[in-house]
Amino acid sequence: MFLQFERRVQQAFQSHLAIRYGLDVPVLVEQPKQPEFGELALPAAFQLAKLLKQSPKKIAAEICAEIGPVAGVRALEVAGNGYINVRLDRGAYAAALLAGGEETPAAAAGEKVIVEHTNINPNKAAHIGHLRNTALGDTFVRMLRARGFRVEVQNYIDNTGVQVADVVVGFHFLEQKSPEEVRELAGRPRFDYYCWDLYARTSQHFKDHPETVKWRAETLHAIEANEGPLAELGHVVADAIVECHLDTMLRLGVEYDVLPRESEILQLEFWASAFTQLRARGAVHLETAGKNAGCWVMRAAAFSDSTEDDKVIVRSNGTVTYVGKDIAYQLWKFGLLGKDFYYRPLRTYASGHTVWVSSSEPQPPGAPAFGGGSRVYNVIDVRQSFLQEVVAAGLRALGYTEQAERSIHFAYEMVALSPRCCAELGIALSEEDQRRPYVEVSGRKGLGVKADDLIDRLVEDAYAEVVSRHPDRPDAERRTVASQIAIGALRYFLLKFTRNTVIAFDFQEALSFEGETGPYVQYAAVRARNILRKLEERGETPPDFAQELDAAAMARQLAAEDFWQVLLAASKADTAVERAVASGEPAHIAKYAFQLAQGFNNFYHQHHILTEEDRGRRVFLLWMTAFFRNQLERTLGILGIQVPEYM
RNA sequence: GCGCCCGUAGCUCAGUUGGAUAGAGCGUCUGGCUACGAACCAGAAGGUCGGGUGUUCGAAUCACUCCGGGCGCACCA
């Protein structure tokens with residue numbers, strides 16, 4: 001609603017300036033920090049001052065006098081040195097809110113957006129770094145969908161890479177287990193934890209016995225050729241771990257549409273198609289001399305104007321690098337490869353939604369059309385910026401400049417461990433590491449906080465709290481509530497930081513349920529819900545707001561500044577989401593939700609709604625509560641946070 | 001060496017892309033539960049926005065420079 005109003009004011013000024021002064025300048029509309037300055041402020045007069053060679057103050061006064069009435073605006077005022085402050089007609093605004101009238105977002109029709117996130121190597125348990133990726137990706141998807149975009153969620157599975165190979169080495173060479181034995185192990189709970197340890201053990205073994213690194217090469221070859229027990233082990237491990245990851249992420253409410261796998265990229269020869277295109281356009285060259293002799297490389301000039309080395313795309317032994325495969329995959333995402341995967345259903349979520357996985361064999365029909373997006377977001381941590389740039393350069397070199405521009409690296413900083421966190425985990429740090437502000441998570445070293453461990457701790461803490469507050473409630477119900485609170489805390493914690501802030505993970509902060517946290521926001525929503533529920537428990541039917549509240553009644557109540565401010569804030573949910581989409585910053589929505597909850601909590605304390613004796617006022621307060629509840633639940637929904645029945 | 005990012009209250013972070021008197025949470029101190037349940041609310045203390053120069057009506061935000069920290073720059077992913 002606020003969005004509509006903002007646009008209307010902007011357009012009114014824009015056309016007035018065009019007609020009156022013949023100027024076609026972009027009109028800026030701000031939301032003043034101080035509520036005394038009204039609901040909107042325009043610094044337009046400052047922009048015009050130079051062009052018209054007059055004082056901003058004079059221009060502002062002139063505009064205010066001449067622009068005429070603007071729908072929904074009660075008054076225009078000149079303030080400071082030339083700001084134009086806009087005051088809303090409060091009653092009309094509230095009446096419009098009550099009437100519904102939320103605009104349906106006008107997203108580009110037909111445009112399909114692809115968001116790729118999670119992308120965890122399927123060789124070990126997920127850790128907190130992966131959680132940040134998934135929380136950001138999933139929330140961004142929810143934001144886009146809320147604004148009306150059609151979004152496809154992909155989770156790329158590198159099931160043929162070095163990381164999987166290393167765990168296979170662990171099973172085959174170190175533990176001497178057969179595929180059957182590993183299959184049995186994979187059926188047990190927490191197979192991903194087992195692999196977490198085995199992966200660290202194998203890495204250490206390579207370090208202690210460098211001569212055994214050849215095992216890795218042997219395993220990689222077998223996996224790539226897709227033959228023999230090593231390849232079979234690779235499938236057993238990767239398939240089982242993917243299921244573990246899906247389970248872990250489902251705990252956060254995260255679902256995927258499709259899982260494209262590297263094994264199919266190889267078997268369906270996606271790379272061959274991409275390679276043909278790259279050679280035909282001269283995007284890659286066969287190096288005949290120097291250190292890259294025998295390799296196909298992309299010239300540094302394609303992706304950098306500094307003195308980078310050329311990038312090897314095909315190794316001298318004929319195998320393709322990760323970047324090469326990623327170029328092929330990126331081409332497929334835009335529908336530019338001329339090939340497609342086959343798909344089979346992997347699992348159907350409780351929501352009824354099915355996630356599909358790529359297959360190299362023809363499958364029965366029924367799969368939706370995947371890929372072929374017009375805009376692609378790759379949620380990958382910032383350390384891979386260089387590689388992402390090379391991939392985009394590959395698209396450009398093929399002449400797909402528009403797609404290269406719509407190939408967006410949705411980068412975020414890493415999650416690291418604070419020194420205190422390392423101490424809690426019993427991790428011994430070198431003297432050098434102790435002096436650092438934080439320590440990087442390392443799957444290879446087994447250094448990190450596993451996602452499920454963290455979630456378990458959160459659930460346990462929340463459950464203890466719920467039990468102490470609600471001794472008489474059924475236990476199954478309390479478990480559900482505890483889990484919703486735990487996930488609310490976790491998702492909020494991961495989302496409250498802007499993307500380019502390094503999170504130095506700390507248990508105390510992550511496990512907090514007070515202050516700027518998910519549970520704080522949930523609590524505000526629960527309170528609003530409680531008021532409305534209590535009303536019905538008293539045997540009252542909720543008032544027909546549309547019948548009882550007209551613009552004049554609203555205006556009377558909203559003359560009180562605190563009412564107006566909290567209502568105004570609650571009406572800005574769409575503004576907050578749109579801004580967050582524009583800046584690609586889920587943290588802005590988290591911040592908005594928190595501020596909204598704060599505003600409501602304050603309102604809640606100042607006014608006791610159910611005991612209000614003035615009937616008109618009581619109806620108004622109830623409407624405010626209902627409106628707030630809707631807005632907050634919608635906003636929390638975009639953050640992937642549920643509102644518990646009670647807290 | 002080259003490139004990217006960061007430096008804001010004791011701590012952890014926001015700051016609507018250049019706007020009005022720089023804001024939250026935690027922590028500290030003070031006060032508030034027989035209410036729609038305090039996972040809450042009210043108040044206080046706490047700032048040279050790393051330093052400097054510049055750009056202009058106006059800078060935490062832009063440019064240059066210095067200091068401090070992080071991350072990249074493989075025939076690994």
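Bear in mind that the values here come from a model prediction, so they are computed numbers and not experimental data. The basis for the numbers below is simple: all heavy atoms, side chains too, and nothing from hydrogens, waters or symmetry mates. Below, chains carry the letters A, B, ... as their sequence lines are ordered, and counting in each starts from 1.
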Colleague: Between A:Q163 and A:D158, is any side-chain donor less than 3.5 angstrom from a side-chain acceptor?
Modeller: no

Colleague: Identify whether any heavy atom of A:R469 sits under 4.0 Å from a base atom; if not, whether one sits that close to sugar-phosphate; answer base, sugar-phosphate or nothing.
Modeller: base

Colleague: I'd like the C1' distance from B:U8 over to B:A59, given in whole Å.
Modeller: 14 Å

Colleague: Please classify the nucleic acid contact of A:A587 as base, sugar-phosphate, or nothing, using heavy-atom distances under 4.0 Å.
Modeller: nothing

Colleague: If you look at every strand shown and take non-hydrogen atoms under 4.0 Å, does A:D381 touch a base, only sugar-phosphate, or nothing?
Modeller: nothing

Colleague: Distance between the P atoms of B:C40 and B:G54, in whole angstroms?
Modeller: 48 Å

Colleague: Check every strand shown and say whether A:R527 touches a base, only sugar-phosphate, or nothing at a heavy-atom separation below 4.0 Å.
Modeller: sugar-phosphate

Colleague: Need the pair for B:G3. Rule: Watson-Crick or G-U wobble, both distances under 3.5 Å, any strand; none if unpaired.
Modeller: B:C71

Colleague: Taking atom types as they are modelled, is there a donor-acceptor pair under 3.5 Å from the base of B:C4 to the side chain of A:S385?
Modeller: no

Colleague: Can a side chain N or O of A:K291 be found less than 4.0 Å away from OP1 or OP2 on B:A74?
Modeller: no

Colleague: Is any side-chain N or O of A:N500 closer than 4.0 Å to OP1 or OP2 of B:C6?
Modeller: yes

Colleague: Would you give a per-nucleotide map of nucleotides 23-34 of chain B, 5' to 3', where B means the base has a protein non-hydrogen atom under 4.0 Å away, S means only the sugar-phosphate does, and - means neither?
Modeller: -SSS-----B--

Colleague: Any salt bridge between A:E413 and A:R499, counting N to O under 4.0 Å?
Modeller: no

Colleague: Under 4.0 Å, heavy atoms only, any strand: does A:F386 hit a base, just the sugar-phosphate, or nothing?
Modeller: sugar-phosphate

Colleague: Just checking A:Y520: base, sugar-phosphate only, or nothing, at a heavy-atom cut-off of under 4.0 Å?
Modeller: sugar-phosphate

Colleague: From B:G70, B:A42, B:C5, pick the nucleotide closest to the side chain of A:M414?
Modeller: B:G70

Colleague: With A:S263, which residues qualify under side-chain contact (heavy atoms from CB on, under 4.5 Å), at least two apart?
Modeller: A:N159, A:T160, A:R261, A:Q267

Colleague: Taking atom C1' in both B:G15 and B:U30, compute the distance separating them and give it to the nearest angstrom.
Modeller: 29 Å

Colleague: Less than 4.0 angstrom from a charged side-chain N to a carboxylate O is my criterion; do A:R529 and A:E645 meet it?
Modeller: yes

Colleague: Kindly indicate whether a cation-pi arrangement holds for A:R527 with A:F600, taking the cut-offs as under 6.0 Å to the six-membered ring centre and within 45° of the axis.
Modeller: no

Colleague: What integer number of Å spans the P atoms of B:A22 and B:G47?
Modeller: 13 Å

Colleague: Under 4.0 Å between any heavy atoms, over every strand shown, what does A:I313 touch: base, sugar-phosphate, or nothing? Just pick one.
Modeller: nothing

Colleague: I'd like the P distance from B:C6 over to B:A63, given in whole Å.
Modeller: 11 Å

Colleague: To the nearest angstrom, how far is A:K325 atom NZ from B:C75 atom C1'?
Modeller: 13 Å

Colleague: Under 3.5 Å, is there any donor-acceptor pair linking the side chain of A:N292 to the base of B:A74?
Modeller: no

Colleague: Give a yes/no answer on whether the side chain of A:R436 brings an N or O atom under 4.0 Å of OP1 or OP2 in B:C71.
Modeller: yes

Colleague: I'd like to know if A:R478 pairs up with A:E465 as an ion pair, taking the criterion as any Lys NZ or Arg NE/NH1/NH2 lying under 4.0 Å from an Asp or Glu carboxylate oxygen.
Modeller: no

Colleague: Quantified in whole Å, what is the P atom distance between nucleotide B:A42 and nucleotide B:G27?
Modeller: 16 Å

Colleague: Among A:V86, A:L76, A:N85, whose side-chain contact (heavy atoms from CB on, under 4.5 Å) with A:L40 holds?
Modeller: A:V86

Colleague: On a whole-Å scale, what distance lies between the C1' atoms belonging to B:G23 and B:G69?
Modeller: 25 Å

Colleague: Pick base, sugar-phosphate or nothing for A:A165, based on heavy-atom distances below 4.0 Å to the nucleic acid.
Modeller: nothing

Colleague: Given atom CD of A:E30 and atom C1' of B:U61, what is their separation to the nearest angstrom?
Modeller: 13 Å

Colleague: What integer number of Å spans the P atoms of B:U55 and B:U16?
Modeller: 25 Å

Colleague: Cation-pi check for A:F507 against A:R457: NZ or CZ below 6.0 Å from the six-membered ring centre and within 45 degrees of the axis, yes or no?
Modeller: yes

Colleague: Rounded to whole angstrom units, what separation is found between the OH atom of A:Y412 and the C1' atom of B:C71?
Modeller: 14 Å

Colleague: Would you say B:U16 has OP1 or OP2 under 4.0 Å from some side-chain N or O of A:Y592?
Modeller: no

Colleague: For B:G10, give the paired nucleotide (Watson-Crick: N1-N3 plus N6-O4 or O6-N4; G-U: N1-O2 and O6-N3; both under 3.5 Å), or none.
Modeller: B:C26

Colleague: Would you indicate what A:T319 reaches in the nucleic acid, counting non-hydrogen atoms under 4.0 angstrom: base, sugar-phosphate, or nothing?
Modeller: nothing

Colleague: In the strands shown, is B:U16 matched to any nucleotide by a Watson-Crick or G-U wobble pair with both distances under 3.5 Å, and which?
Modeller: none

Colleague: Which listed nucleotide (B:G72, B:A77, B:A39) is nearest to the side chain of A:P519?
Modeller: B:A39

Colleague: In this structure, how many angstroms lie between the P atom of B:A74 and the CG atom of A:D309, rounded?
Modeller: 6 Å

Colleague: Look at A:N530 and B:G37 and indicate whether a side-chain polar atom (N or O) is within less than 4.0 Å of OP1 or OP2.
Modeller: yes

Colleague: Would you say B:A77 has OP1 or OP2 under 4.0 Å from some side-chain N or O of A:N121?
Modeller: no

Colleague: Where do A:L447 and A:L417 come nearest, in terms of heavy atoms and distance?
Modeller: CG-CD1, 4.4 Å

Colleague: Heavy atoms under 4.0 Å, any strand shown: does A:H607 hit a base, just sugar-phosphate, or nothing?
Modeller: base

Colleague: By centroid distance (under 5.5 Å) and plane angle (under 30°), are A:F37 and B:A20 in a stacked arrangement?
Modeller: yes

Colleague: B:A77 C1' sits how many Å from A:Y329 OH, rounded?
Modeller: 15 Å

Colleague: Please give the nucleotide sitting opposite B:A63 as a Watson-Crick or G-U wobble pair, both distances under 3.5 Å, or none.
Modeller: B:U53

Colleague: Within the pair A:Y322 and B:A77, is there a side-chain N or O less than 4.0 Å away from OP1 or OP2?
Modeller: no

Colleague: With a non-hydrogen cut-off below 4.0 angstrom, is A:I485 in contact with a base, only sugar-phosphate, or nothing?
Modeller: base

Colleague: Are any of the side-chain nitrogens in A:E77 or A:R87 under 4.0 Å away from the carboxylate oxygens of its partner?
Modeller: yes

Colleague: Quick check on B:U48: syn or anti? Syn means the glycosidic torsion is within 90 degrees of zero.
Modeller: anti

Colleague: Measuring to OP1 and OP2 of B:A35, would you say a side-chain N or O of A:T611 lies under 4.0 angstrom away?
Modeller: no

Colleague: Is there a side-chain contact between A:N601 and the phosphate of B:C40, meaning an N or O under 4.0 Å from OP1 or OP2?
Modeller: no

Colleague: According to side-chain contact (heavy atoms from CB on, under 4.5 Å), who are the partners of A:T212, at least two apart in sequence or on a separate chain?
Modeller: A:H205, A:F206, A:H209, A:W215

